[in-house]
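Just below is one structure, and these are the notes that go with it.
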Amino acid sequence: MILENLKKVLNNIPSHVTLVAVSKTKPNTLIMEAYQAGQRVFGENKVQEMVDKANTLPTDIQWHMIGHLQRNKVKYIAPFVSLIHGIDSLKLLKEVDKRAAQHHRIIDCLLQVHIAKEQSKFGFNSQEIEDVLAHIHSLKYVRVIGLMGMATNTIDKAIVKQEFNGLNKLYKSLKAKHPDFKTISMGMSGDYLLAISEGSTMVRIGSSIFGSR
Ligand SMILES: *Cc1c(COP(=O)(O)O)cnc(C)c1O
């Protein structure tokens, strides 16, 4: 079942787009089915759950933190996390820098941009992004490689398309000045095709692979 779902999703994704298989709430047995099918990049949104899974599953899995990350929990994932998608404050980025240094690592991060209409979604606006990027030269142990965004949860495709398009425009304008920029993480099970047509290079897909939660 997982194998078929994964194949279907991969068939829809061009090779330059990275698939993050979102395995939050799902047991290791299902993650291993995807792993056996060749999937290596997995996304989790809770620190404790990601640590537990990373401790028991194969070490060549790349773990992406896709959820809201609290500063006091960065230390638990700093030894192994592969990419942090949801950086939403300079304070959080500084904490990641500090913990990465302790582990002699450079941790890749994405800045989360608030593109949705909903109040509840975290993230910066475009001015705040510029302010953060003006500070990153002093942070030696984080590499900001791009942006992440979540569109409004609506069936109105025009709204979602407009939000993804706006994020891509911001990404492209920043990429011109920031050579490390290479990733724009946008698109989930319900909207990843639209996200890819609007320039996404990384999609985060859970329920289309592992079933509903
Ligand atoms: C859960 C989650 C996803 C995956 O959602 P699906 O609709 O199951 O594909 C993607 N991104 C984030 C930030 C999530 O929390």
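First listed ligand is number 1; within each ligand, the first listed atom is number 1.
Exactly one residue among Asp97, Ile84, Ile87 makes a side chain to side chain contact (heavy atoms under 4.5 Å, CB included) with Leu92. That residue is Ile87.
Note: Trp63 and Phe42 have tilted aromatic rings, judged against thresholds of 30 and 60 degrees for the angle between ring planes.
Leu19 approaches Gln39 most closely through the heavy-atom pair O-NE2, 2.9 Å. The shortest non-hydrogen separation linking Arg40 to Asp60 is NE-OD2, 3.1 Å.
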Using the salt bridge (Lys or Arg N to Asp or Glu O under 4.0 Å) rule, take Glu95 and Arg99 through it: C-alpha gap first, then chi angles, then the decisive distance, then the call. CA-CA 6 Å; Glu95 176 67 14; Arg99 298 299 178 180; 2.8 Å; yes

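Listed by chain and residue number, the protein contacts of ligand 1 are Val22, Lys24, Ile66, Met148, Met150, Met188, Ser189, Arg204, Ile205, Gly206, Ser207, Arg213 (heavy atom within 4.0 angstrom).
Counting only heavy atoms from C-beta outward, the side chains of Lys98 and Arg71 never approach each other to under 4.5 Å.
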